[in-house]
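Have a look at the structure below, then the notes.
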Amino acid sequence: MPFDWTILHWIQDTLRSPAMDSFMVFVTRLGNIGFFWILSALLLMVHKRHRKKAVLLLLALLAGQFLNNLVIKNLVQRPRPCWLDPSVRLLIDVPKDFSFPSGHSMSSAIGAAIMTWTDRRLGLVAIPLAVLIVFSRLYLYVHFPTDVLVGVVVGLSIAFAAIYLARKYGKKRPQASSEMN
């Protein structure tokens with residue numbers, strides 16, 4: 001889509017700088033294989049009251065990776081912008097998998113949504129970090145805007161489905177009365 005290229009080239013022409021380059025590489029690495037979100041889930045497990053939600057986050061990330069990387073990307077097989085236009089100098093290694101949808105964006109949406117549901121205060125960190133990770137994929141010229149947009153939509157869909165299922169089936173069952181009439 002033409003507006004995908006327009007946005008990517010505007011970012012390259014307007015926002016690129018040595019300081020931003022280093023920062024965006026750091027930020028995108030936090031999203032590699034869902035690193036920050038997996039680490040967050042493991043840290044949440046330390047608190048007994050958050051353990052079930054931490055497991056939910058890990059399961060949602062696993063489901064997302066399966067759906068995104070093994071199913072959707074291989075069905076769509078969209079090339080990455082850096083494959084189609086090698087004139088932009090990449091700051092990271094050229095990704096080998098397909099572009100659509102963005103796995104970093106999907107994992108970040110799952111992580112931010114479930115962490116915010118776990119404790120709204122966590123959302124104050126999770127949501128801005130998720131936005132930065134999503135943006136870093138555009139800045140680094142490895143995804144189109146529609147890749148990251150659909151990655152966020154897929155991620156939020158998985159997160160909301162996981163939260164719905166946790167609410168529906170995660171409630172404690174009433175104990176059977178020990179008294180028989």
Side-chain angles (χ1 to χ4, degrees), residues 1-43 57-58 60-116 122-159:
M1 297 191 155
F3 72 90
D4 272 337
W5 288 109
T6 301
I7 293 168
L8 285 177
H9 289 137
W10 180 84
I11 291 169
Q12 295 303 305
D13 296 341
T14 310
L15 301 178
R16 286 287 296 258
S17 72
M20 281 287 286
D21 289 354
S22 297
F23 180 65
M24 287 292 130
V25 169
F26 170 75
V27 167
T28 216
R29 286 186 178 146
L30 292 175
N32 287 354
I33 65 168
F35 172 77
F36 179 82
W37 310 112
I38 293 168
L39 179 62
S40 297
L42 295 175
L43 291 173
L57 174 54
L58 290 172
L61 288 168
L62 186 63
Q65 289 302 316
F66 173 79
L67 178 65
N68 197 57
N69 292 348
L70 296 178
V71 179
I72 302 173
K73 282 187 184 236
N74 290 314
L75 286 173
V76 176
Q77 297 186 0
R78 184 180 196 184
R80 291 179 179 271
C82 58
W83 298 355
L84 299 171
D85 177 12
S87 68
V88 173
R89 183 180 64 87
L90 288 190
L91 302 172
I92 60 173
D93 292 336
V94 177
K96 305 284 186 248
D97 62 340
F98 293 108
S99 187
F100 181 90
S102 165
H104 281 70
S105 301
M106 182 222 41
S107 296
S108 294
I110 291 170
I114 292 178
M115 288 180 65
T116 301
L122 294 175
L124 296 175
V125 173
I127 293 170
L129 180 60
V131 169
L132 282 172
I133 291 172
V134 169
F135 178 73
S136 76
R137 306 309 285 168
L138 301 174
Y139 185 91
L140 295 171
Y141 208 68
V142 293
H143 280 292
F144 290 104
T146 48
D147 298 340
V148 299
L149 178 64
V150 172
V152 168
V153 170
V154 169
L156 289 175
S157 299
I158 291 168

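Since the structure is predicted, the reported quantities are computational estimates derived from the model, not experimental observations.
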Gly123 and Pro128 have their tightest heavy-atom pair at O-CD, 3.6 Å

For the residue pair Leu67 and Met106, establish whether any side-chain heavy-atom pair is separated by less than 4.5 Å.
no

OG-CG distance between Ser107 and Leu30, expressed to the nearest 0.5 angstrom:
12.5 Å

Of Thr6, Thr14, Asp13, which meets side chain to side chain donor-acceptor pair (under 3.5 Å) against Trp10?
Thr14

Measure the CG-OG1 distance between Leu140 and Thr28 for me, rounded to the nearest 0.5 Å.
5.0 Å

Closest contact, heavy atoms only, Gly151 versus Pro101:
N-CB, 3.7 Å

Evaluate the side-chain proximity of Met24 to Leu132: yes if any heavy-atom separation is below 4.5 Å, no if none is.
yes

Using the side-chain contact (heavy atoms from CB on, under 4.5 Å) rule, take Arg16 and Leu91 through it: C-alpha gap first, then chi angles, then the decisive distance, then the call.
CA-CA 11 Å; Arg16 286 287 296 258; Leu91 302 172; 3.5 Å; yes

Could you pull out the closest heavy-atom pair between Cys82 and Val94, with the gap in Å?
SG-CG1, 4.2 Å

With a 4.5 Å cut-off on side-chain heavy atoms, are Leu129 and Met115 touching?
no

Would you say that Phe98 contacts Ile72 through its side chain, given a criterion of any heavy-atom pair below 4.5 Å between the two side chains?
no

Just do the side-chain contact (heavy atoms from CB on, under 4.5 Å) check on His104 and Val134 with the steps written out, would you?
CA-CA 7 Å; His104 281 70; Val134 169; over 6 Å; no

Apply side-chain contact (heavy atoms from CB on, under 4.5 Å) to Leu58 and Leu62, showing your working.
CA-CA 6 Å; Leu58 290 172; Leu62 186 63; over 6 Å; no

Relative to the ring of Tyr141, is the ring of His9 parallel (under 30°), tilted (30 to 60°) or perpendicular (over 60°)?
tilted

Could you tell me the separation between the CG atom of Asn32 and the CD1 atom of Ile133, rounded to the nearest 0.5 Å?
9.0 Å

Does the plane of the ring in Phe135 sit parallel, tilted or perpendicular to the ring in Tyr139? Use 30° and 60° as the thresholds.
tilted

What heavy-atom pair brings Ile110 and Gly155 nearest, and what distance separates the two atoms?
CG1-O, 3.2 Å

Which distance, rounded to the nearest 0.5 Å, do you find between the CG of Asn68 and the NZ of Lys73?
5.5 Å

Quick one: OG on Ser108 to CG on Leu156, what's the gap to the nearest 0.5 Å?
10.5 Å

dist Leu43:CG -> Ile38:CD1 (nearest 0.5 Å) comes out at 12.0 Å

Indicate the atoms forming the closest heavy-atom contact of Val142 with Arg80, along with that distance.
O-NH1, 2.7 Å

Between Arg78 and Asp147, does at least one N-O distance fall below 4.0 Å, as a salt bridge requires?
yes

Identify the two heavy atoms, one from His143 and one from Leu8, that lie closest to each other, and give their separation to 0.1 Å.
O-CD2, 3.4 Å

For residues Trp5 and Pro81, determine if any side-chain heavy atom of one lies less than 4.5 Å from a side-chain heavy atom of the other.
yes

Look only at the side chain of Ser40 and the backbone of Phe36, and say whether a donor-acceptor pair between them is shorter than 3.5 Å.
yes

Is the side chain of Asn69 donor-acceptor paired with the backbone N or O of Gly103 at a distance under 3.5 Å, no angle test?
no

